[in-house]
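For reference, the structure discussed in these notes is given below.
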Amino acid sequence: MDPDRIVAEFPAPSFRGAQERALADIADAFAAGNRVVLVRAPTGSGKSLLARAIAGAARSVEEASPSEATGAYYTTPQVSQLDDVAADDLLDDLSVIRGKSNYTCILPGEEDTPVNRAPCARQRGYDCSVQHRCPYYSDRAIASNRPIAAMTLAYFMQTAGSDVFRKRDVVVVDEAHGLAEWAEMYATIELSPETVPVWDDVGVPDIHNDEVGPLERTARFAKALLGVCSDEKDELLAKGDLTPEEAARRDRLQEVISELKWFLEDYRDTESATTWVVDQPDGEGGTLTIKPLDPEKYLKHTVWDRGNRFALLSATILSKESFCRGVGLNPEEVALVDVEHTFPVEHRPLFDTTQGKMTYEHREETLPKVARLCLRLMARHPDEKGLVHAHSYAIARQLAERFDQFGVGARVRRHDSDDRDAQLEAWKASDDPEVFVSVKMEEALDLHGDLCRWQVLCKAPYLNTGDSRVAARLEDGQWPWYHRAALRTVIQACGRVVRAPDDHGATYLADSSLLDLFDRAEADTPPWFRDQIDRMSTPDLPEFDPDAAMAGMAADPGPSSGAGHGIGRRRSGGGSSSGSPSPGAGSASSTASTASRPSGSSGSSRSSRSSRTRSGDGRAGDGDDDDPMADHPLSDVWGE
């Protein structure tokens, strides 16, 4: 890597805000000999462009000896962010590669078959005559030979040890704040009827009803299951040609075999830093979920062995020391570069509109108040799009039902897990001032300008203590980590609606637990976000009036696909908002839309497992709303 080239490799015609200073500081950090540089850059500071400049300074083939690594990887856990990279003309020299399931076969009669189920994947010795034109293999060949290959973090980890995507000189990880959590999730092993093809052929024990202990009993079961899976896979391989269904079964068996081997090897390794936990909520015969804590060994293989130099970018690496420990890095050997926030603080106001606690034990009382608050905010912003961060699908459904009862459902759009992307795109494309009730959209969402001018945080986003990893850490007294994780999500959410120095958007806090979070995580709060907290005020809101909330909508909303979805509506009016102060006063503007994408102590003596409803007290999250994995903070993010 040549740090001196970093500034010159910036792909845009000019710098914005603190970009030039940031790149100079990053170059100095690498020039000082640091292998890893953390870049803490506020949302909207152009991290993708910074990432491209860093990647561009990688050693080239012409500068290297045959044994030296060259080129760079750009990776992000966010599938949507990879889509944005692919569509950005300033990043057109990043060669994007995705997993096989994202491509379709081009052979006659196979046009609807994903490449991972194509004849080449299901027939032994199949010689594809058009592999050179196959969209997957073509993209893979291009990405493997171009200076910068761009991929999701999932694909990057999956290709560890690959002869195609070998070690490179520079690795840039965007949105890196959750690297440890993403690695933990990716290394999690779920053994269930849906994931284990031979489930009916094995007897699943009650791991908690055995004198050897849950983990050891799980390991013994895993060893037995490994044998059954291996025998079944060998039988399939002996057949030669396979149907698409048999090929899928073979591939899934191989995945289970690899996962079980990994778990057994690491669990039996007395020197491994990984701590394993296991869940079996339904007892004998029920699903087993095996989860790693602090998978340093896993990250070493899938990430740290993949490059010479690393740049890790995020707006919310709140504690360098904690982050480094979580991903297996020595903080003494890692540099931190802070990028200045150049967006005026008055353009990104926080408003205290708290209605009470949204913990499970208080939700029945508080949620109706939050619904009424949202309607008053609709009246305050009659001509502007809004985003409601519902935190869970259960909360989203209850809010949507309330909005229908209030008679404002025609202005509201919501999504389920199966139509998330379609509803998001329809909301963004709408000319109406629709309010989008969303779940887990705090990250990787660019709502610049009139795409969204105001948003509501319905609940403090504490992690679910129904997750054994979270419970184990809290039992170990890791309360600062718990609060940092929630604060990180809040900061990410606040960045969705303010994307440039001249952009502006208001964030309204509905859960009083958010105020408690700000106090508890004060030591880890970035100065620029502390400025927002210090300026927080309580606004004067209009009275509860459904008609006022609908004032900016068309008189005839048109056909709808269902309650709260509002598909097919067109807006046929404009006007200005009489309830919104000017941007200079710290609120959303009144322009019409022109849409163009957990109080309590932190003592460790309290058991989190027995307290599932204390997130508003800074203790433990709910875990009460939906299936824990379906509502996992990363369930809609991981992608591949």
Next item on the list: Indicate yes or no for a side-chain donor-acceptor contact from Asp416 to the backbone of Asp418 under 3.5 Å, with no hydrogens or angles considered.
Entry: no

Next item on the list: In sequence, state the C-alpha distance, the side-chain angles, and the governing distance for Leu457 and Val490, and then conclude on side-chain contact (heavy atoms from CB on, under 4.5 Å).
Entry: CA-CA 8 Å; Leu457 302 187; Val490 170; 4.0 Å; yes

Check: Between Lys291 and Asp279, is there a side-chain N and carboxylate O pair less than 4.0 Å apart?
Finding: yes

Item checked: Non-hydrogen atoms of Pro433 and Pro382 that approach each other most closely -> CG-O, 3.3 Å

Item checked: For Asp511 against Ala460, the heavy-atom pair lying closest together -> OD2-N, 2.8 Å

Notebook entry, point to check: Does the side-chain contact (heavy atoms from CB on, under 4.5 Å) test come out yes or no for Phe518 and His483, once each step is laid out?
Noted result: CA-CA 9 Å; Phe518 293 158; His483 295 126; over 6 Å; no

Next item on the list: Begin from the C-alpha positions of Arg413 and Glu434 and carry the test salt bridge (charged side-chain N to carboxylate O under 4.0 Å, His left out) through to its verdict.
Entry: CA-CA 7 Å; Arg413 184 185 296 272; Glu434 294 182 355; 2.8 Å; yes

Margin query: Could you check whether any side-chain N or O of Thr366 sits under 3.5 Å from a backbone N or O of His362, counting only pairs where one atom can act as donor and the other as acceptor?
Written below: yes

Notebook entry, point to check: What is the minimum heavy-atom distance between Cys458 and Ala510, and which atoms define it?
Noted result: CA-CB, 4.1 Å

Check: What distance do Asp524 atom CG and Arg530 atom CZ have between them, rounded to the nearest 0.5 Å?
Finding: 11.0 Å

Notebook entry, point to check: For residues Glu442 and His389, is any side-chain donor paired with an opposing acceptor at under 3.5 Å?
Noted result: no

Check: When rounded to the nearest 0.5 angstrom, what is the spacing between CD in Glu425 and CG in Asp419?
Finding: 12.5 Å

Check: Are any of the side-chain heavy atoms of Glu340 and Trp528 separated by less than 4.5 Å?
Finding: no

Notebook entry, point to check: Do Arg414 and Gln423 have a side chain donor and acceptor closer than 3.5 Å?
Noted result: no

Next item on the list: Could you tell me whether a side-chain N or O of Thr75 sits under 3.5 Å from a main-chain N or O of Leu153, the two making a donor and an acceptor?
Entry: yes

Check: Any luck finding a side-chain donor-acceptor pair between Arg348 and Thr507 under 3.5 Å?
Finding: no

Check: Is it true that Arg453 and Asp503 make a salt bridge, defined as a side-chain N closer than 4.0 Å to a carboxylate O?
Finding: yes

Next item on the list: Check the pair Tyr508 / Asp352 against side-chain contact (heavy atoms from CB on, under 4.5 Å), numbers first and verdict last.
Entry: CA-CA 6 Å; Tyr508 298 92; Asp352 178 0; over 6 Å; no

Note to self: Holding to side chain to side chain donor-acceptor pair (under 3.5 Å), I want the full list of residues that pass it with Gln280, two or more places apart in sequence or in another chain.
What the structure shows: none

Item checked: Passing candidate, side-chain contact (heavy atoms from CB on, under 4.5 Å) with Arg40, options Leu336, Val339, Leu312 -> Leu336

Next item on the list: Could you give me the CA-CA distance, side-chain angles and deciding distance for Gln355 and Arg372, then say whether side-chain contact (heavy atoms from CB on, under 4.5 Å) is met?
Entry: CA-CA 10 Å; Gln355 303 296 301; Arg372 293 177 67 88; over 6 Å; no

Next item on the list: Verify, without hydrogens or angle tests, whether Arg411 (side chain) and Met553 (backbone) share a donor-acceptor contact under 3.5 angstrom.
Entry: no

Item checked: Within-4.5 Å side-chain heavy-atom neighbours: Val173 and Leu313 -> no

Next item on the list: Locate the shortest heavy-atom distance separating Phe343 from Val498; write the atom from each residue and the value.
Entry: CE2-O, 3.6 Å

Checklist line | Option among Thr76, Thr152, Asp446 that satisfies the side-chain hydrogen bond (donor to acceptor under 3.5 Å, both in side chains) test with Gln81 | finding: Thr76

Next item on the list: Begin with the C-alpha distance, continue with both residues' side-chain angles, and end with the deciding distance and a verdict on ring-ring contact (aromatic ring centres under 6.0 Å, His included) for Trp454 and His504.
Entry: CA-CA 9 Å; Trp454 59 280; His504 57 88; over 10 Å; no

Next item on the list: Measure the shortest side-chain to side-chain distance between Pro526 and Leu318 over non-hydrogen atoms and say whether it is less than 4.5 angstrom.
Entry: yes

Checklist line | Minimum heavy-atom distance between Val412 and Val408, given as atom pair plus value | finding: CG2-O, 3.5 Å

Checklist line | 4.5 Å side-chain heavy-atom contact, Thr287 and Pro193 | finding: yes

Item checked: Contact check, side chains of Val388 and Gln455, non-hydrogen atoms, under 4.5 Å -> no

Checklist line | Residues which pass salt bridge (charged side-chain N to carboxylate O under 4.0 Å, His left out) with Asp545, listed by chain and number, not counting sequence neighbours | finding: none

Item checked: Electrostatic pair Glu365-Lys369, nearest N-O below 4.0 angstrom -> yes

Item checked: Heavy-atom side-chain proximity of Val470 to Arg473 below 4.5 angstrom -> no

Item checked: Arg499 side chain near Leu451 side chain, heavy-atom distance below 4.5 Å -> no

Check: Got Lys459 and Val370 here, is their nearest side-chain heavy-atom distance under 4.5 Å?
Finding: no

Check: Would you call Asp174 and Lys47 a salt bridge, using N to O less than 4.0 angstrom?
Finding: no

Check: Will you find, in the side chains of Arg16 and Thr342, an N or O donor that is under 3.5 Å from an N or O acceptor?
Finding: no

Checklist line | Stepwise ring-ring contact (aromatic ring centres under 6.0 Å, His included) test for Phe529 and His341 | finding: CA-CA 9 Å; Phe529 192 69; His341 202 316; 9.6 Å; no

Checklist line | Shortest non-hydrogen contact between Pro501 and Pro344, atoms and distance | finding: O-CD, 3.4 Å

Check: Out of Gln492, Arg488, Glu443, which residue meets the side-chain hydrogen bond (donor to acceptor under 3.5 Å, both in side chains) rule with Thr316?
Finding: Gln492

Item checked: Distance under 6.0 Å and angle within 45° of ring axis: Arg376 vs Phe544 -> no

